[in-house]
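Note that the numbering runs from 1 along the sequence shown for the chain. Because only heavy atoms are used, hydrogens play no part in the values below, and waters and symmetry mates are left out as well, while side chains stay in.
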Amino acid sequence: MSLDDATRAQRRAARPGYSTWLVANAGSGKTKVLTERVARLLLAGVEPQRILCLTYTKAAASEMQNRLFRTLGSWTMLGNGRLAEELAGLGEPGPFPDDLLAQARTLFARAVETPGGLKIQTIHSFCSTVLRRFPLEAGVSPDFKEMDDRLAKLLQREVLEELAIAQDPGMTAMARYQSGEELDKWLGQVVRQKQALTQPKTRPEVFQEHGIPNDLSMDAVCAKLRASDVADLVHRVGTALQAAGSRDQQYGQKLRDADFSGPPEQTLIQLETAMLNAKGEPRGTWFPTKTARKDVIAADEAAYD
């Protein structure tokens, strides 16, 4: 029987005596190759409990186990000639003596009767098994339970509701910047960075990380604004926006109202509400509108003529 290049590559990858790194597209036969590799390992005399197969999803683990048991189960019912053809189809070199064929017929029972079952698991399940064997070393409770994404979200929402009802100051501060559908995504990022956030950074450390001078304060920021022409620029931009469409006018009024001679906190809040949305992010590419941008440029150029 002539073989194509793909089949020859699959047979090479399934050889039990080789260390193989398998990379292939979806539907190209990765599960088939891995299943055949396990079958050939068992045929070579490897004990079932010494084989470990890890997959990413439960569905993949179940599919691989079903295929393997289906293959091994079919061998128990085949005669010598047909079974020899099946083994040759896996890439096993012949000849196939009667004792090897008899051994092949016992593999299904050996796999099923293996203490703890054949180890075809998800990565998460394998890690859970390791943690349960060494809870003290891992620093976890011996009776811990895994939490899937659905349960994690439900628990997360329960905690948020309790914090909101208790009017927790941290929750109140967070609600200023995060709310609605973005909250789950933001909290997920916080949880993933839990270790980094456990030890709070000092003010100088935060400033250094973002390249901000240590002596920066609201008073210092506003003093720099008053000492420069930023105030004039902000008011000119506000005037130009007020002359544009209705979408720009409300923000133009806020810029016009910015009082650089007042309390620093008030000045920064006025600029923030004009330039940023409720999440503290830029309003978007629409702001200001194209018409308003032309007016702003024209007003700025006129100021320096």
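Each salt bridge (Lys or Arg N to Asp or Glu O under 4.0 Å) pair with one or both residues in residues 128-140, not counting sequence neighbours, appears once here: Arg132-Glu146. Among pairs with a residue in residues 104-113, those fulfilling side chain to side chain donor-acceptor pair (under 3.5 Å) read Asn80-Arg105, at least two apart in sequence or across chains.
Each of Leu42, Leu43, Val112 was scored for a side chain to side chain contact (heavy atoms under 4.5 Å, CB included) with Leu72, with one residue passing: Leu42.
Counting heavy atoms from C-beta on, the side chains of Ser128 and Phe144 come closer than 4.5 Å.
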Side chains of residues 120-127: which donor-acceptor partners sit under 3.5 Å, not counting sequence neighbours?
from: Gln121; atom 1: NE2; to: Ser125; atom 2: OG; distance (Å): 3.3
from: Thr122; atom 1: OG1; to: Ser125; atom 2: N; distance (Å): 3.0

Name every donor-acceptor pair, under 3.5 Å, that has one atom in a side chain of residues 14-23 and the other anywhere in the protein, sequence neighbours excluded.
from: Arg15; atom 1: NE; to: Arg12; atom 2: O; distance (Å): 3.2

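For the side chain to side chain donor-acceptor pair (under 3.5 Å) test, residues two or more places apart in sequence or in another chain that qualify with Glu209 are Lys201. The side chain to side chain contact (heavy atoms under 4.5 Å, CB included) test applied to Leu151 returns Met147, Asp148, not counting sequence neighbours. Listed by chain and number, the residues in a side chain to side chain donor-acceptor pair (under 3.5 Å) with Glu92 are Arg40 (sequence neighbours excluded). Listed by chain and number, the residues in a side chain to side chain contact (heavy atoms under 4.5 Å, CB included) with Thr57 are Ala59, Ala60 (sequence neighbours excluded). Taking Glu63 as the reference, Arg67 meet the salt bridge (Lys or Arg N to Asp or Glu O under 4.0 Å) condition, with sequence neighbours excluded. Here Gln49 pairs with Glu47, Thr114, Lys119 under the side chain to side chain contact (heavy atoms under 4.5 Å, CB included) rule; sequence neighbours left out. Listed by chain and residue number, nothing satisfies the side chain to side chain donor-acceptor pair (under 3.5 Å) test with Lys153 (two or more places apart in sequence, or in another chain). Take Gln10 and apply the side chain to side chain donor-acceptor pair (under 3.5 Å) test, not counting sequence neighbours, and it matches no residue.
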Quick one, Leu101 with Leu87, criterion side chain to side chain contact (heavy atoms under 4.5 Å, CB included). Give me CA distance, side-chain angles, the key distance, then yes/no.
CA-CA 9 Å; Leu101 298 176; Leu87 298 183; 3.8 Å; yes
Trace of the side chain to side chain contact (heavy atoms under 4.5 Å, CB included) decision for Val38 with Cys53
CA-CA 9 Å; Val38 174; Cys53 304; 3.6 Å; yes
Between Phe108 and Phe69, is the side chain to side chain contact (heavy atoms under 4.5 Å, CB included) condition met? List the steps.
CA-CA 7 Å; Phe108 177 74; Phe69 282 171; 4.0 Å; yes
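If you chain together hydrophobic residues whose side chains sit under 4.5 Å apart, Tyr56 and Leu52 fall into the same group.
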